[in-house]
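Below: one structure, written as structure tokens.
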Number of protein chains: 2
Amino acid sequence: MHSPELLKGTLQTIVLKVLKDHGRMYGYEITQRVKELSDDRILLTEGALYPALHKLEAEGMLKTETENIGKRVRKYYSLTPQGRSLVKERVNEFMEFIRTMGNVLQVNLG
Amino acid sequence: MHSPELLKGTLQTIVLKVLKDHGRMYGYEITQRVKELSDDRILLTEGALYPALHKLEAEGMLKTETENIGKRVRKYYSLTPQGRSLVKERVNEFMEFIRTMGNVLQVNLG
DNA sequence: AACAATACATAAGTGAATTATGTATATAAG
DNA sequence: CTTATATACATAATTCACTTATGTATTGTT
């Protein structure tokens with residue numbers, strides 16, 4: 001696992017980008033996908049993920065559809081057009097941040 | 001300026017690496033150097049910097065020398081051998097984090 | 001004379017996260 | 001069969017690194 005400090009501020013970016021790349025997903029699925037993509041290095045906690053999803057939905061960035069799987073309920077999230085813009089913004093912001101950090105730390109990233 | 005959320009957790013890494021690259025520096029000098037290296041994108045606040053320096057000193061990562069410049073006092077910080085190890089650790093940690101984020105976000109960083 | 005820059009320091013407040021707790025179904029193992 | 005693990009959601013309490021605010025004082029600029 002990563003020193004979790006560095007992860008701060010990246011949750012929204014991660015959630016949005018994963019949703020963009022994989023389309024319609026439910027919360028638990030997002031945690032598993034991120035775990036897989038990060039080779040077990042990023043383990044999203046439910047206490048962080050669900051509030052983040054609710055917030056993005058309230059802001060109109062995500063829309064939801066509820067599905068019954070057996071007796072269980074699944075809540076699928078997908079990007080709205082607004083959400084699609086936000087992904088680009090957030091990813092660009094992150095890449096810009098990395099470029100800056102590369103200069104400050106004088107290291108070659110990527 | 002960057003969305004400051006992303007900066008969280010990078011302060012120690014920045015301070016240590018800048019001290020490694022430039023040797024003996026005082027607090028205000030560090031803020032100016034980082035501002036310059038980041039092209040005005042990272043502006044360290046005193047409220048964050050000074051406590052961070054004090055903590056690193058208390059942990060034996062930095063040592064200090066006080067100098068009188070006119071009637072003003074300057075506190076110069078430099079890395080201890082332990083501090084030198086920590087820099088490598090922190091920078092490696094950051095690069096590893098970037099690599100992971102590259103995989104999760106499916107983008108080419110650097 | 002007034003303002004900005006230099007130079008340190010610490011206390012109060014914020015907010016995104018962790019940790020803890022709760023509910024419930026499905027499946028594998030023993 | 002019953003216990004543990006995985007699936008699936010949700011929210012409240014707490015933490016802690018940071019921002020913001022405040023304080024002191026010297027030096028350089030307009």
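Throughout, protein chains are lettered first and strands after them, A, B, ... in sequence-line order, and every chain is numbered starting at 1.
Residues satisfying the side-chain hydrogen bond (donor to acceptor under 3.5 Å, both in side chains) test with A:R74, not counting sequence neighbours, are A:Y26, A:Y76. With sequence neighbours left out, the salt bridge (Lys or Arg N to Asp or Glu O under 4.0 Å) criterion links A:R24 to A:E65, A:E67. Among residues two or more places apart in sequence or in another chain, the salt bridge (Lys or Arg N to Asp or Glu O under 4.0 Å) test is passed with A:E59 by A:K55. Partners of B:R33 under the side-chain hydrogen bond (donor to acceptor under 3.5 Å, both in side chains) rule, at least two apart in sequence or in another chain, are B:H22, B:E36. Residues satisfying the salt bridge (Lys or Arg N to Asp or Glu O under 4.0 Å) criterion with A:K35, sequence neighbours excluded, are A:D40.
Between B:L49 and A:Q32, the residue anchored closer to the 5' end of DNA chain D is A:Q32, taking for each the nucleotide with the nearest heavy atom.
Taking atom CG of residue A:L11 and atom C1' of nucleotide C:dA16, one finds them 9 Å apart after rounding to whole Å. What separates CG of B:N68 from C1' of D:dA25 is a distance of 14 Å, to the nearest Å. Residue A:L7 contributes atom CG, which lies 12 Å from atom C1' of C:dA16 at whole-angstrom precision. Regarding B:E5, its CD atom lies at a distance of 9 Å from the C1' atom of D:dC18, rounded to whole Å. Taking atom CD on B:Q12 and atom P on D:dC16, their separation rounds to 15 Å, with Å as the unit. Distance A:L44 CG to C:dT18 C1': 13 Å, rounded to the nearest Å. Rounded to a whole Å, the CG atom of A:L56 is 12 Å from the P atom of C:dA16. Atoms NZ (A:K71) and C1' (C:dA24) sit 11 Å apart, rounded to a whole Å.
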- Note on the structure: Per-nt protein contacts along nucleotides 8-14 of chain D (heavy atom under 4.0 Å; B base, S backbone sugar-phosphate only, - none) come out as SBBB---
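Shown are A:L19, A:T80, A:L86; of these, the side chain to side chain contact (heavy atoms under 4.5 Å, CB included) with A:L62 is made only by A:L19.
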